[in-house]
Undergrad: 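Take a look at the following structure, please.
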Amino acid sequence: MRFYNTLTRREEEFVPLRGRQVRMYTCGLTVYAYGHIGNFRTFVCLDVLRRALKYLEGYDVRQVMNYTDVDDRTIIESEKSGLPLREYTDRYISAFQEDAVRLGLEPVEETPRATDEANLHAMTGMIEALEKNGHTYRSDGSIYFKISTMPQYGQLARLDHEGIKPGARVDADRYDKEDARDFVLWKATQPGEPTWDYGVGPGRPGWHIECSAMALRLLDGPPIDIHAGGVDLVFPHHENEIAQSEGATGTQFSRFWFHVEHLLLGEGGKMSKSVGNVFTVRDVLEKGFRASALRYVLLSVHYRKQLKFTWDSLSQADEALTRLMDCLVRLDTVPQSDVETTVTEKVEVSRRDFSEMMKADLNTPGALGVMFDFVRMVNAAIDAGEISSSDVTLVRETFEYFDQVLGVIRIRRAEDTVPPVPVEEIEKLIGDRKAARSNRDFTKADRIRDELAERGIMLEDGSAGTRWKRK
RNA sequence: GGCGCCGUCGCCAAGUGGUAAGGCAGAGGUCUGCAAAACCUCCAUCCCCGGUUCAAAUCCGGGCGGCGCCUCCA
């Protein structure tokens, strides 16, 4: 499969370095608050990348996604809440996991935390290697990475160093750097802050070191195959990760760099706390939208394009998903038949087109288009009676094939198993309505239908009887 | 100031040299007690101006407009 490599600024054919195993590190959430829908755009896209590698290419994927559970923000917020750091971040890790399940993210192989002891040891070990290689200096108990010792620094971000004006922005993490571009590897203990002493002096890790150390520890050393995250991490985070890792090991850190563009709010541009336009997954659900609709919206725009999020887009996504699910439900009503059809050939074409779309730099909008073409073909075949029982099985398998990668039908189904009205009550009301209809008491029949609609249940009369679905 | 991205039907969005996928919304029709669903039909020449080419939404140049990054950030 091909995808865009930020390192080379080109689309490239991806093949793992070691046999069939893909070793992938994806930057996870800083667990000081609930993840917002922009965070989850990245995570959903990375989930699709993972699924495509796994199910379309058949690779054995080993993915590591970290939780950043110690940094300025986690420390400040845990202090405000009066909870110990670990306990405070535990809450947001749980919350993230709940949101991840709702959005259909596959569990990854490893989810390390920066403050796990083994990881802190890996970080201090890497810092010691950097010191030995002459890439560091100490100042007031903190250890800094000296960028002037890495001539190739800046390869990923391709920034013009001369253009960076020292002091243009306030750096909360700055202590006494010799050069504005230098960054902290290990921060000296501050009053009231958590601290660890594993060989490089007491303090806590800088932001970038955790990812380098954990990636190399959990993915069997450099170079790893893929390193991924949101575009905003290109600089400085990923650039600095490269400097640290390559300064410590002398070997390329990651072969491919995969970055997901930002989600923007329709009007306000980038989400930001100060503007007050940050929405969490919980906010979306509280407004009455379903997680499946959110996942669909996130897949409906190519991952390298900015996604302008609007509430209307969620409504449109919900309608599209309804159409998809209706088609699946209809398959259950197809009568037994062994007619000769051309469905098999059409299935093959759709599968091939879908796979080609996904393998061409993860073109999810294009893949959705293929799936909806397929929906129309299936609906038309059912209407025409030109679909055999074995075709039905094949069609179901094909939707499953699409959804292994898209992951949207499965969460929609899970949502549908818990309708807003108890199933027994729905079925009783359908029975009442059927009786009313046979008595030609359409007033009563319509009232039952309207009342259920108000409660979020839609009724549809068909030749095989009445069926219901969640609105 | 430096680097980069984007501008396709009312809305969302693929396509990146060979004559415009798909979804939502809309119009007409079939079906239905009425609806709903489904199907059929209809609905764009791609921000503007030049240029290259037999051929451009797709390449080049110039505008106009929107956005991102330049050490908080997915």
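Just so we're clear, the structure is a prediction, and the values are computed from it rather than from any experiment. Throughout, a chain's letter reflects where its sequence line sits, starting with A, and its residues are numbered from 1.
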Undergrad: Given B/rC39, is OP1 or OP2 found less than 4.0 Å from the side-chain N or O atoms of A/N379?
TA: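 Affirmative; the distance criterion is met.
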
Undergrad: Which part of the nucleic acid, if any, lies within contact of A/F442, taking any heavy atom under 4.0 Å across all strands shown: a base, the sugar-phosphate backbone alone, or nothing?
TA: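 Result for A/F442 = base.
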
Undergrad: Using a heavy-atom cut-off of 4.0 Å across all strands, would you classify A/V301 as base, sugar-phosphate, or nothing?
TA: sugar-phosphate

Undergrad: Contact class for A/D461 (heavy atom, under 4.0 Å): base, sugar-phosphate, or nothing?
TA: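 Base contact - A/D461 has a heavy atom under 4.0 Å of at least one base atom.
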
Undergrad: For the pair A/E109 (side chain) and A/Q63 (backbone), establish whether a donor and an acceptor sit closer than 3.5 Å, ignoring hydrogens and angles.
TA: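 Checked: pair present.
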
Undergrad: Taking RNA chain B as the partner, which of residues 103-114 of chain A come within under 4.0 angstrom of it by heavy atom?
TA: none

Undergrad: Base, sugar-phosphate, or nothing for A/G229, non-hydrogen atoms under 4.0 angstrom?
TA: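 The answer is sugar-phosphate, as A/G229 gets under 4.0 Å only of primed atoms, P, OP1 or OP2.
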
Undergrad: Is A/S300 touching bases, backbone alone, or none of the nucleic acid, heavy atoms closer than 4.0 Å?
TA: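 Sugar-phosphate, backbone atoms only, no base.
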
Undergrad: Given B/rC34, is OP1 or OP2 found less than 4.0 Å from the side-chain N or O atoms of A/R437?
TA: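 Checking B/rC34 against A/R437, no side-chain N or O comes under 4.0 Å of OP1 or OP2.
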
Undergrad: Using a 4.0 Å heavy-atom cut-off, does A/R433 contact any base of the nucleic acid, only the sugar-phosphate backbone, or nothing at all?
TA: base

Undergrad: Would you mind classifying the nucleic acid contact of A/R323 as base, sugar-phosphate or nothing, using non-hydrogen atoms under 4.0 angstrom?
TA: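 Sugar-phosphate only.
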
Undergrad: B/rA14, OP1 or OP2 - any side-chain N/O from A/K305 closer than 4.0 Å?
TA: yes

Undergrad: Reckon A/L459 touches a base, only the sugar-phosphate, or nothing at all at heavy-atom distances under 4.0 Å?
TA: base

Undergrad: With both distances kept under 3.5 Å, what pairs with B/rG1, Watson-Crick or G-U wobble?
TA: B/rC70

